[in-house]
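Below, each value reflects all heavy atoms present in this structure, side chains not excepted, and no hydrogens, waters or symmetry copies. In what follows, chains are A, B, ... by sequence order, proteins preceding strands, each numbered from 1.
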Amino acid sequence: MAHASDLIASDIDEYLTSHQYKSLLRFITCGSVDDGKSTLIGRLLYETHLVFEDHLAQLEADSAKVGTQGTDLDFALLLDGLTAEREQGITIDVAYRFFSTERRKFIVADTPGHEQYTRNMVTGASTADAAVLMVDARKGVLTQTRRHSYLVSLLGIKHVVVAINKMDLVDYSHEIYDAICAEYLDFAGRIGLEHVTFIPVSALKGDNITEPSGHTPWYHGPTLMGYLETVPVDDEAKTSPFRMPVQWVNRPNLDFRGFSGRVVGGMVRPGDSIRVLPAGTTSKIDRIVTFDGDLDEAVAGQSVTLTLADEIDASRGDLICAADAPAEVADQFEAHVVWMHEDEMLPGRPYLMKIGTRTVGVTIANPKYRVDVNNLDHLAAHTLELNEIGVCNISLDRAIPFDPYTTNRDTGGFVIIDKLTQNTVGAGLLHFALRRSHNIHWQDVRVDKSARAELNGQQPGVVWFTGLSGSGKSTIANIVEAKLHALGVRTYLLDGDNVRHGLNRDLGFTDADRVENIRRIAEVSALMVDAGIVVLVSFISPFRAERRLARDRVEDGEFIEVHVDTPLDVAEERDPKGLYAKARAGELTNFTGIDSPYEEPEAPEVHIDTTAMTAEQAAEAVIDTLRVRGMIG
Amino acid sequence: MTLEAGRLTHLQRLEAEAIQIMREAAAESERPAMLYSIGKDSSCMLHLARKAFHPSKPPFPLVHVDTTWKFSEMYAFRDATAAEFGLDLIVHQNPECVERGINPFDHGSAMHTDMWKTEGLKQVIDKHRFDLCFGGARRDEEKSRAKERVFSVRSAQHQWDPKRQRPELWQLYNARRSNGETLRVFPISNWTELDVWQYIHLEQIPIVPLYFSAPRPVVDRDGTMIMVDDDRFPLHDGEVPEKKSVRFRTLGCYPLSGAIESDADTLTGIIQEMLLATTSERQGRIIDFDGAGSMEKKKQEGYF
């Protein structure tokens, strides 16, 4: 690791001073499996003397054992991290590498080129200032090159360098190089990539990597390293309007109240007028506080603590904006959604969305279309699967401040989180707020739920029966309703089969349709509760997430989940409608318990074991619970 | 560090990123803690934490998973540091190890590390119900760490599953947990060895004096110079520790930390020596020598 080793040896202080003012460039490399991407990064590490002696010894041993370059060093082996991947000879995740020259420190996101790994490339691209696209000179612009270019453009990377690699294998042909440049430029224009630079290289032989190559006298542009050292780093962020999401309210004592966060757009100075969104309150910046003393200004990228001139209310999740150029506020958007999980996206299912420092509830509508990343065609889609990208309308449970992603990555980019597993399952880029988002307001009603409930002389609520087909849900629900009716309780029974004849007759039995089925029933139930009624719902409702959604639509204590628990073999034995027989015969698909899962409730208010009690006893047990819970007198 | 013409240097960008990560993690967890190993990376992390929450104190305790076999200078430095900054310090020693007297001489480095550190860490997390722990691991340290997330999910059994790690985009970190899961958060993931040293230099951050060269009593064990830090060290018959001018590139348990001969007794001297050196940092740590992929295996078992 001896770049400028003479200076290090002779004057370490001078060396450290010169390195103190280096800038930082983050870039990604993308390419197909055999384009030599890992070899290129290995070469960059090697050329900047960042390969230590013990790593080098390991590399020599590994090259001899599993290398693909004969007796030469296989630079790719420097990068493959996890044991399983090393054995398969492929990288399957995003790996970050570091090297530096006298001018810059570099962080490389190494992302795999396989078809199924859009997820990884989008992840790597999200933090990159520049992208290096690898093209094999023998193969030219491939489908995968187009896909990577599309993702680079989608994620808004402004600086793209196309490294036309393996020039040594095409005799450093100027014609081949020119042909590839022309073909690529044509495509780049179609996807809006503006600043594209081409460099003929051989990662293996080292041509045009750090030194201009004698093999390409016809090429007069920068070397790859020269390009990376000089490409401008996100200056745009500083000229955009001021934005800072509040991460943490800093209150060491009663005399100090600061808002800590990282500036993600523009700059700010004491005295600047600001607006706190979504509330819209305004004030002026009083101080910019840091551990190293107050600052005269803070720019995009800095972490600071702001104090305001007025005592206004702001908390984590709020966005502090320039008062004269605030972000928009809305709750419905069109967005690009990239799905990143093996479980497909389910339109209508409630997910969480994290944007800036704010986490809100979100539902995603049916995709308007899915993008074929290979040819940019728009395809019809009902859902998005792992690595698929679509354009969807999304709807939040409250209004948030935002900028379009193309204006500001940090106030327009979001991730989607599954409510149950808490995993990150998708990511998205906001385009614009839907106009209806601005126009639909809650109608202010004068007669409210409690007034209606009072007139009815009862506590409204939902009694939700869930269980396998043939478990006895409807039988028990019918008896419960008869008993409640006899007690003078105003009720309504929503039964799966009946509702599917009307309100939900457009829905089938795929997972996505099941989610929508329950979403509608949850909404109808909530309206009926609002109307002051006790609603009995008898639906298989196989997924926890949707039962959770139904529960969340009403207030605490208004939802009674009844698990009608009948073992599959017993339900199948009963088979009152002959459906299990059909499902087993393959005449019915997506049948719960057979080829579609049933997720048992974890903590139902009532658990009924139908092998141990009669329907009448079960109904009594439900009535008892309603009494205990105060829903009936 | 001062701004130059509105442009951030690489260290300013790394510092701002680490501060953002620390604030995000603290804001989204209920019982955070900072793992503190007394080494230079811990010193750097603690300095960043003080910056992140200034003028407040860092809203979490320091946790030292102790083995009783650290250098005595490390213990002195640890206690003085916690006292100086008024921070809560939780020291945990695996009681089973205390009782059985687990040590590297009789039980070997692998068992010593596993029992004191891996098991001890799990115990202290369970005992205090920490839902998030900051660690000072860096992606440049070792190949299997290059793919580590900044927010890394561990199961209720403290397992790391490389297939279950969450994608991390932009500066958005998912700090949510389900059923007993905990998080390890690595704010200096994107720093290199040189970045840490240069930052310590610029910010004048105190570090344990063992990093600086001084005459110290050492013996040769299989080609590695080990310092005889106290009278628990089992000397061979007739063996007499030799005073040599040595320092340490990484600090751990004294019987497992190899010293190097050096005259570097200043910070710039250390950096100069490091820059001119051609062996990587972790080579001084004996636990890595159990074969390729051993760090990955340790991670799956719950070692940091």
Notebook entry, point to check: For A:Ile107, is it the side chain, the backbone, both or neither that has a heavy atom under 4.5 Å from a heavy atom of chain B?
Noted result: side chain
Notebook entry, point to check: Under 4.5 Å between any side-chain heavy atoms of B:Leu8 and A:Gln302, yes or no?
Noted result: yes
Checklist line | Contacting moiety of A:Ile355, where chain B heavy atoms sit under 4.5 Å | finding: backbone
Notebook entry, point to check: Is it the backbone or the side chain of B:Arg177 that comes under 4.5 Å from a heavy atom of chain A, or both, or neither?
Noted result: backbone
Check: Considering all heavy atoms of both residues, which atom of B:Glu168 and which atom of A:Thr123 are nearest to each other, and what is their separation?
Finding: O-CG2, 2.9 Å
Note to self: For A:Ala300, which atoms come within 4.5 Å of any heavy atom of chain B: side chain, backbone, both, or neither?
What the structure shows: backbone
Margin query: Does any backbone or side-chain atom of A:Leu420 lie under 4.5 Å from a heavy atom of chain B? Answer side chain, backbone, both or neither.
Written below: backbone
Note to self: Whether the side chain of B:Thr9 engages the backbone of A:Tyr21 through a donor-acceptor N/O pair (distance < 3.5 Å, no angle test) should be reported.
What the structure shows: no
Next item on the list: Enumerate by number any residue of residues 261-270 of chain B whose heavy atoms lie under 4.5 Å from heavy atoms of chain A; in the absence of such residues, state 'none'.
Entry: B:Thr268
Margin query: Using the ring-ring contact (aromatic ring centres under 6.0 Å, His included) criterion, which residues pair with A:His341? Sequence neighbours excluded.
Written below: none
Margin query: Taking every non-hydrogen pair under 4.5 Å, which of A:Thr127, A:Ile417, A:Val122, A:Asp13 racks up the most with chain B?
Written below: A:Ile417
Checklist line | Gap between atom CZ of A:Phe106 and atom OG1 of B:Thr192 - 0.5 Å precision | finding: 13.0 Å
Checklist line | Most chain B-contacting option - heavy-atom pairs closer than 4.5 Å, from A:Ala125, A:Gly258, A:Gly124, A:Gly261 | finding: A:Gly261
Notebook entry, point to check: Can you name the closest pair of heavy atoms from A:Gly356 and B:Glu24 and give their distance?
Noted result: O-OE2, 4.4 Å
Next item on the list: Ignoring hydrogens and angles, tell me if any N or O in the side chain of A:Asn423 forms a donor-acceptor pair with the backbone of B:Arg166 under 3.5 Å.
Entry: no
Item checked: When B:Asp195, B:Ile19, B:Leu172, B:Val153 are compared by non-hydrogen pairs under 4.5 Å with chain A, the top option -> B:Leu172
Margin query: Need one label for B:Gln198: side chain, backbone, both or neither, based on atoms under 4.5 Å from any heavy atom in chain A.
Written below: side chain
Next item on the list: Heavy atoms only, distances under 4.5 angstrom: which of A:Thr421, A:Val263, A:Val264, A:Leu25 has the most pairs with chain B? Name it, please.
Entry: A:Thr421
Checklist line | Shortest non-hydrogen contact from B:Trp170 toward A:Asp410 | finding: CB-OD1, 4.2 Å
Notebook entry, point to check: Would you find a donor on one side and an acceptor on the other, under 3.5 Å apart, between the side chain of A:Gln247 and the backbone of B:Gln20?
Noted result: yes
Next item on the list: Decide yes or no on side chain to side chain contact (heavy atoms under 4.5 Å, CB included) for B:Lys51 and A:Asp292, but give the supporting numbers first.
Entry: CA-CA 8 Å; B:Lys51 285 197 164 191; A:Asp292 304 303; 2.8 Å; yes
Checklist line | Region of A:Val289 that comes under 4.5 Å of a non-hydrogen atom in chain B | finding: side chain
Next item on the list: Return yes if some donor-acceptor pair links the side-chain N/O of A:Lys354 with the main-chain N/O of B:Tyr173 below 3.5 Å, else return no.
Entry: yes
Check: Excluding sequence neighbours, so at least two apart, what forms side chain to side chain contact (heavy atoms under 4.5 Å, CB included) with A:Ala128?
Finding: A:Ile28, A:Ile157
Checklist line | With B:Glu17 via salt bridge (charged side-chain N to carboxylate O under 4.0 Å, His left out) - residues at least two apart | finding: A:Arg26
Next item on the list: Begin from the C-alpha positions of A:Lys105 and B:Leu194 and carry the test side chain to side chain contact (heavy atoms under 4.5 Å, CB included) through to its verdict.
Entry: CA-CA 11 Å; A:Lys105 170 187 165 115; B:Leu194 176 59; over 6 Å; no
Margin query: Heavy-atom pairs under 4.5 Å with chain B - which of A:Gly293, A:Ser260, A:Ala427 has more of them than the others?
Written below: A:Ser260
Item checked: Heavy atoms from other residues, nucleotides or ligands near CG of A:Asn253 exceed 12 (cutoff 6.0 Å) -> yes
Next item on the list: Would you mind telling me which of A:Val249, A:Thr359, A:Thr290, A:Val425 has the largest number of heavy-atom pairs within less than 4.5 Å of chain B?
Entry: A:Thr290
Next item on the list: Quick one: closest heavy-atom pair of B:Arg23 and A:Ser303, and the distance?
Entry: NH1-CB, 3.8 Å
Margin query: Could you check whether atom CD of A:Glu342 has more than 12 heavy atoms from other residues, nucleotides or ligands sitting under 6.0 Å from it?
Written below: yes
Check: Can you tell me how far OH of A:Tyr96 sits from OG of B:Ser189, rounded to the nearest 0.5 angstrom?
Finding: 9.5 Å
Check: Which atoms form the tightest heavy-atom contact between B:Asn190 and A:Phe98, and what is the distance?
Finding: O-CE2, 3.3 Å
Notebook entry, point to check: What do the steps show when you test B:Arg13 against A:Asp129 for salt bridge (Lys or Arg N to Asp or Glu O under 4.0 Å), and what is the final call?
Noted result: CA-CA 13 Å; B:Arg13 239 175 114 172; A:Asp129 307 306; 3.6 Å; yes
Margin query: Quick check for you: to the nearest 0.5 Å, what is the distance between A:Gln422 atom CD and B:Glu181 atom CD?
Written below: 8.0 Å
Item checked: Closest non-hydrogen atom pair, B:Pro55 against A:Pro252 -> CG-CG, 3.7 Å
Next item on the list: Against chain B, work out which of A:Ser23, A:Ser126, A:Ala109 has the most heavy-atom pairs shorter than 4.5 Å and name it.
Entry: A:Ser126
